[in-house]
2 protein chains.
Amino acid sequence: MTIDIIDKEARNVPTLASIAERVGVSVNTVSRALRAPNTVRVELRRRINAAMEELNYVPNRLAGGLSGTRSDIVGVVVTSLYYSEFASIIDSLQSALLERDLQVMLANTRYNADQELRLVRSILSWRPAAVAIIGVDHPPKVVELLKASGIPIIEMWDTGGDVIDTAVGFDHTQVGAAQADHLIAQGYRRIAFLGSVRENDKRAQKRLSGLEAAAAAAGLPEITKHTAQQGGNPELGERLATELLEHHPEIDAIACNSDVVSFGVLRALKKLGKRVPEDIGVIAFGDNEAAGCVTPSLTTIRPDRERIGKLTAEAIVARINGSEPRITIVDWQLVVRESTQRSTL
Amino acid sequence: MTIDIIDKEARNVPTLASIAERVGVSVNTVSRALRAPNTVRVELRRRINAAMEELNYVPNRLAGGLSGTRSDIVGVVVTSLYYSEFASIIDSLQSALLERDLQVMLANTRYNADQELRLVRSILSWRPAAVAIIGVDHPPKVVELLKASGIPIIEMWDTGGDVIDTAVGFDHTQVGAAQADHLIAQGYRRIAFLGSVRENDKRAQKRLSGLEAAAAAAGLPEITKHTAQQGGNPELGERLATELLEHHPEIDAIACNSDVVSFGVLRALKKLGKRVPEDIGVIAFGDNEAAGCVTPSLTTIRPDRERIGKLTAEAIVARINGSEPRITIVDWQLVVRESTQRSTL
DNA sequence: TGGCACAAAGTGAACGTTAACGCAACGATC
DNA sequence: GATCGTTGCGTTAACGTTCACTTTGTGCCA
């Protein structure tokens, strides 16, 4: 097996020249047979294709990208891959780009600003046709690099801020406000905010500020915040909720930054003997696949990740083809389930 | 904003030559200042770096890859990005590769064999340093292409079959057997298998056959199968479980192909008035983040995705550096929770 | 002072493809 | 029968790096 790979023949990957020599035509003719087949005689084309097939020819896009004008790479920069927060955006984005023969080059910053600069630089070094990146809040140097690159930049997920070029997403402040409004409408008054709010997760911060503003506007007492810097999981939610209620027994509603965290919150409340939604209401954000399957089922905000991915792909193609930059708002949805359904007020 | 981007200055991205001209040295010296800094005088190096910073120079890796021997790309081919099945593998793989300055180029086949061939070809056309791919069962042409490429191929997630070069994962047949053994140990006798088993999801098929073999070995009646071709979600689980129990009321245990599907199974059983684990036991596979938070909490198999990602990265680096191909088994774990804890037998 | 080693920088040729251009052969048009 | 457009292919020159060599400069020792 090893021999196969180290074998000299195997390492001599075929080039256009190999094919050309074998068929007895010029390199350019072989290239044309690939890019513009109808400019080559049918019979010759057939022989060229046969040779390619036989030699397992795979075009070298490094050379193609260097020589040609297009590059066929789309750089995708996300802040997280954990718990499918952005996985389905990538999923639909990638499959929509595939139809245009665009290849995804992925980078994951893990909410680290230094990493973001390094990764954007690394992505740009592949001379992509466009870059899609999560969020609109980037370090100044990142913005400078992206602008200087001269290619379409599509910012995804968030639209609440300065957009570099084109954006597809929604305003997270409004999400926080909607959380507050719903809780208030259900009769909750003492709202707490809980979850993982990393320093570089501007979206989480916007949702929190939207929540605070809406609560203040409704004349509610100040929001109690209990957050952590680390990534969110059920265990974190369980711990934070337990601590929260220990120090603030007056709380009657918890707004959570992610569904996954709130699963742990529900578990903590059960252990503490609190009834949901009667004693305490719980609302979250994200619409995790299990949100409808926990007990009680979880009221949450459902962002349309697949649509964002798809529309981002369309925006990329449109911008590459020269259309104007624009901001596309993708609606989210409040999904009311048991955890806030205090019908017996 | 548009003007910025279409601006001629902006499109003239700086090259090594631009820097060289500005500093007054040869192109090669600038290149060396990047690749082998200690071969360039400190003061000159400082001026070169300053010029790069000022012009926002980003190296062109297309050219670098074409000219040099390394390529710094690792192609990653997954079969799905939905519901974090492989997202956390990619997450840990990517972050481990980052430390070696290797860039991930991502492709998602969505369990489509034709797509797989097309995507592998596309990935290979970027002349990656290595390819990591989910599974060991590929169409013959894919195997041929991968072998002919002469680069390290790391097959992830599954090790139960013919390995092209190097593999990191586990034998899914054994997972199925463990599911059966656990159910049998808990006193269940009439086992059903339920879930999404797509034509190209060989791993799911292996788990099923392991389950069947172990049940047969224990003298149990034949496994009742109720599967679907589409992707798995709670709604599918709910529908399949309802249908299953309608036709097979004798069933006393359900082995499920994914946690997410089994969430729906639990919901269906509750609606049907079946007690879990007393009347029916439920075991699944995947260890979704919510598995411990549903009611009853879910007994499942926990594959160590992060470890697979990390070890795959290590295997890639090792193979690039010339070490021998090998197969690495990454242990999974049976996580026993409430859904099969029939202590009052 | 000649010789040599070594550090620092330059030269020129690749790498595999694409794109602009050139040119021969051929049929159609006036 | 000279002109012209078309088809089908070849020639040549990029694209931006890296790499193997070569050249120049500098200090050191015999």
Side-chain angles (χ1 to χ4, degrees), chain A residues 11-48 51-52 55-73 101 122 124-129 149-150, chain B residues 11-48 51-52 55-73 101 103 121-122 124-129 149-150:
Chain A
R11 286 206 74 77
N12 266 4
V13 271
T15 67
L16 282 187
S18 328
I19 311 287
E21 191 184 11
R22 174 172 272 244
V23 180
V25 292
S26 81
V27 171
N28 196 1
T29 304
V30 183
S31 174
R32 259 192 292 253
L34 274 175
R35 297 190 335 280
N38 54 340
T39 63
V40 176
R41 248 185 317 132
V42 180
E43 189 270 342
L44 184 54
R45 203 160 73 209
R46 233 186 21 74
R47 278 168 50 212
I48 291 176
M52 287 181 171
L55 295 179
N56 275 326
Y57 172 72
V58 176
N60 184 335
R61 292 223 217 177
L62 295 179
L66 181 60
S67 170
T69 46
R70 285 192 317 280
S71 102
D72 299 351
I73 292 185
D101 278 306
S122 176
L124 287 178
S125 75
W126 292 105
R127 297 293 183 267
S149 72
Chain B
R11 287 206 75 77
N12 265 5
V13 270
T15 68
L16 282 187
S18 327
I19 311 287
E21 191 184 11
R22 173 173 271 244
V23 179
V25 292
S26 82
V27 171
N28 195 2
T29 304
V30 183
S31 174
R32 257 194 293 252
L34 274 174
R35 295 190 338 280
N38 54 340
T39 63
V40 176
R41 249 185 317 131
V42 180
E43 189 272 340
L44 183 56
R45 203 159 75 210
R46 236 187 17 76
R47 278 167 52 212
I48 291 176
M52 286 180 171
L55 295 180
N56 277 323
Y57 172 73
V58 176
N60 185 334
R61 292 222 218 177
L62 295 178
L66 181 58
S67 170
T69 45
R70 286 193 316 281
S71 103
D72 300 348
I73 292 184
D101 279 306
Q103 190 78 41
R121 203 186 282 274
S122 175
L124 287 177
S125 75
W126 292 104
R127 297 293 184 267
S149 72

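Small disclaimer: the values here were computed from a predicted structure and weren't measured. In what follows, every heavy atom counts, from backbone to side chain, and hydrogens, waters and symmetry copies are set aside. Throughout, protein chains are lettered first and strands after them, A, B, ... in sequence-line order, and every chain is numbered starting at 1.
- With C:dA9, C:dG16, D:dT17 as the choices, the nucleotide that has an atom nearest any side-chain atom of B:Val27 turns out to be D:dT17.
- As judged by a 4.0 angstrom heavy-atom cut-off over every strand, B:Arg32 is placed among the base-contacting residues.
- For the pair A:Ile19 CD1 and C:dT18 P, the interatomic distance rounds to 13 Å; values are reported in whole Å.
- Map B:Val25 and A:Thr15 each onto its nearest nucleotide of DNA chain C; the residue landing nearer the 5' end is B:Val25.
- Atom-to-atom, CZ of B:Arg45 to P of C:dA9 comes out at 10 Å; the value is rounded to the nearest Å.
- We find that CG of A:Leu55 is positioned 14 Å from P of C:dG16, with the value rounded to whole Å.
- A sub-4.0 Å separation between OP1 or OP2 of D:dT18 and a side-chain N or O of B:Ser31 is present.
- Among the nucleotides D:dC19, C:dA9, C:dT18, the one closest to the side chain of B:Arg35 is D:dC19.
- Residue A:Asn28 places its side chain closer to C:dA19 than to any other of C:dA19, D:dC19, D:dT17.
- When the side-chain nitrogen and oxygen atoms of B:Tyr57 are compared with OP1 and OP2 of D:dG16, none of them lie within a distance under 4.0 Å.
- With sequence neighbours excluded, no residue forms a salt bridge (charged side-chain N to carboxylate O under 4.0 Å, His left out) with B:Arg46.
- There is a side-chain donor-acceptor pair under 3.5 Å between B:Arg35 and B:Ser31.
- Rounded to whole Å, atom C1' of D:dC9 lies 14 Å from atom CG of A:Asn38.
- In this model, no side-chain donor or acceptor of B:Arg127 finds a partner on the base of C:dG16 within 3.5 Å.
- With DNA chain D read from its 5' end, the first of the two nearest nucleotides for A:Val30 and B:Gly64 is the one closest to A:Val30.
- Here the side chain of B:Arg41 is nearest to one of C:dA9, D:dG16, C:dT18, namely C:dA9.
- Atom CG of B:Leu62 and atom C1' of C:dT17 are 11 Å apart (whole Å).
- Donor-acceptor pairing under 3.5 Å is lacking for the side chains of B:Arg61 and B:Ser71.
- At the heavy-atom level, A:Thr39 lies under 4.0 Å from the strands shown only through sugar-phosphate atoms.
- Rounded to whole Å, atom P of D:dG8 lies 15 Å from atom CZ of A:Arg47.
- Side-chain contact, B:Ser26 with B:Thr29: a donor N or O sits under 3.5 Å from an acceptor N or O.
- Mapping A:Ser67 and B:Thr29 onto DNA chain C via the closest heavy atom, the residue that lands nearer the 5' end is B:Thr29.
- A:Ser67 contributes no side-chain N or O that, together with a main-chain N or O of A:Gly64, makes up a donor-acceptor pair within less than 3.5 Å.
- Using a 4.0 Å heavy-atom cutoff across all strands shown, B:Asn60 reaches sugar-phosphate atoms only and no base atom.
- For B:Ile48 and C:dA9, the CD1 to C1' distance is 10 Å, given to the nearest whole Å.
- Picking from D:dG10, C:dT18, D:dT18 the nucleotide with the shortest atom distance to the side chain of A:Leu16 gives C:dT18.
- Between the B:Arg45 side chain and the B:Pro37 main chain, a donor and an acceptor come within less than 3.5 Å of each other.
- Rounded to a whole Å, the CE atom of B:Met52 is 13 Å from the C1' atom of D:dG16.
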